[in-house]
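See structure below.
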Amino acid sequence: QLVESGGGSVQPGGSLRLSCTASDLTLRYYAVGWFRQAPGKEREGVACISSSDSSTDYVDSVKGRFTISRDNAKNTVYLRMNSLKPEDTAVYYCAAAVGIDRDRYCSSFTERGMEYWGTGTPVTVAS
């Protein structure tokens, strides 16, 4: 139900913009988060945008480099990634939460609270 796009290969210092769309969900009513899983590591939360006021949260390692945003007219949530580093290499997933605690689950990157998941888009940062 969620589809990610925009991944690819980029050199260190480069930029990518990931998109998350949904064909049967109206994302403006959902808290939407981006998560990533690097090879051999557990999945971690990266960024979240709330449903209530579109406030945002980021993991410390991407603050100042990544920006999450939503375009309600296009039913899309974006993750703009600048100044990419090799350690950003991972499969990136978007996830959405709709329950009463949706904003809390999203902002705390609580995976069990995110009801819908995409299949991921790979990002490789290498020279």
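Nothing here was measured: the structure is a model prediction, and the numbers come from that model. Reckoned from all heavy atoms, side chains included, excluding hydrogens, waters and symmetry mates.
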Completion exercise
Closest heavy-atom pair, Tyr58 versus Thr67, reported as atoms and distance to 0.1 Å, is OH-CA, 3.3 Å

Practice task
Would you mind reporting whether Arg80 and Ser15 have side-chain heavy atoms less than 4.5 Å apart?
Solution key: yes

Exercise for the section: Determine the interplanar angle of the Trp117 and Tyr93 rings, folded into 0 to 90°, and report it as parallel if under 30°, tilted if 30 to 60°, perpendicular if over 60°. Expected result: perpendicular

Handout entry: Main-chain N/O of Val98 paired with Glu115 side-chain donor or acceptor, under 3.5 Å
Key = yes

Problem - Test item: side-chain donor near acceptor, Ser83 and Arg65, under 3.5 Å - result: no

Practice task
For Ala22 and Leu2, work out which heavy atoms get closest and say how close.
Solution key: CB-CD2, 3.7 Å

Problem - Closest contact, heavy atoms only, Ala38 versus Thr89 - result: CB-O, 3.5 Å

Problem - Backbone N/O of Gly120 and side chain of Glu4: donor-acceptor pair under 3.5 Å - result: yes

Handout entry: Neighbour count above 12 (heavy atom, 6.0 Å) for Glu87 CD
Key = yes

Practice task
Walk me through it: do Val62 and Arg36 pass the test side chain to side chain contact (heavy atoms under 4.5 Å, CB included)?
Solution key: CA-CA 12 Å; Val62 308; Arg36 68 184 179 186; 4.0 Å; yes

Handout entry: Transitive ILVMFWY side-chain link Val3 to Tyr30, under 4.5 Å
Key = no

Practice task
State plainly whether one hydrophobic cluster holds both Tyr78 and Val10, where clusters connect Ile, Leu, Val, Met, Phe, Trp and Tyr through side-chain heavy atoms under 4.5 angstrom apart.
Solution key: no

Handout entry: Considering all heavy atoms, the nearest Ser51-Asp103 contact
Key = N-OD1, 2.9 Å

Practice task
Give the ring-plane orientation class for Tyr92 versus Phe66, where under 30° counts as parallel, over 60° as perpendicular and anything between as tilted.
Solution key: tilted

Practice task
Would you kindly confirm whether Val91 and Met114 end up in one hydrophobic cluster when ILVMFWY residues are joined by side chain heavy atoms under 4.5 Å apart?
Solution key: yes

Handout entry: Distance-minimising heavy-atom pair for Arg28 and Arg70
Key = CA-NH1, 3.5 Å

Practice task
Heavy atoms only: give me the nearest Gly45-Phe35 pair and the separation to one decimal.
Solution key: CA-CD2, 3.4 Å

Handout entry: Polar contact flag, side-chain donor to acceptor under 3.5 angstrom, Asn75-Thr26
Key = no

Handout entry: Side-chain donor or acceptor of Ser61 paired with backbone N/O of Val59 under 3.5 Å
Key = no

Exercise for the section: Tell me, with the steps shown, if Met81 and Val123 meet side chain to side chain contact (heavy atoms under 4.5 Å, CB included). Expected result: CA-CA 10 Å; Met81 306 186 295; Val123 171; 3.9 Å; yes

Exercise for the section: Verify side chain to side chain donor-acceptor pair (under 3.5 Å) between Ser50 and Ser55, making sure each step is shown before the conclusion. Expected result: CA-CA 5 Å; Ser50 74; Ser55 59; 3.1 Å; yes

Exercise for the section: Could you tell me whether Arg104 and Asp101 make a salt bridge, using a distance below 4.0 angstrom between a side-chain N and a carboxylate O? Expected result: yes

Problem - side chain to side chain contact (heavy atoms under 4.5 Å, CB included) between Glu44 and Gln37, worked out - result: CA-CA 6 Å; Glu44 66 169 347; Gln37 187 167 22; over 6 Å; no

Exercise for the section: Using modelled atom types only, decide if a donor and an acceptor are shared between the side chain of Thr121 and the backbone of Gly7 within a distance under 3.5 Å. Expected result: yes

Handout entry: From OG1 (Thr124) to CG (Asp88), nearest 0.5 Å
Key = 11.0 Å

Practice task
For Asp60 and Lys63, run salt bridge (charged side-chain N to carboxylate O under 4.0 Å, His left out): C-alpha distance rounded to whole Å, both residues' side-chain angles, the deciding distance at 0.1 Å, then the answer.
Solution key: CA-CA 5 Å; Asp60 285 346; Lys63 285 181 180 177; 3.0 Å; yes

Exercise for the section: Apply side chain to side chain contact (heavy atoms under 4.5 Å, CB included) to Leu27 and Asn72, showing your working. Expected result: CA-CA 7 Å; Leu27 291 180; Asn72 292 333; 6.0 Å; no

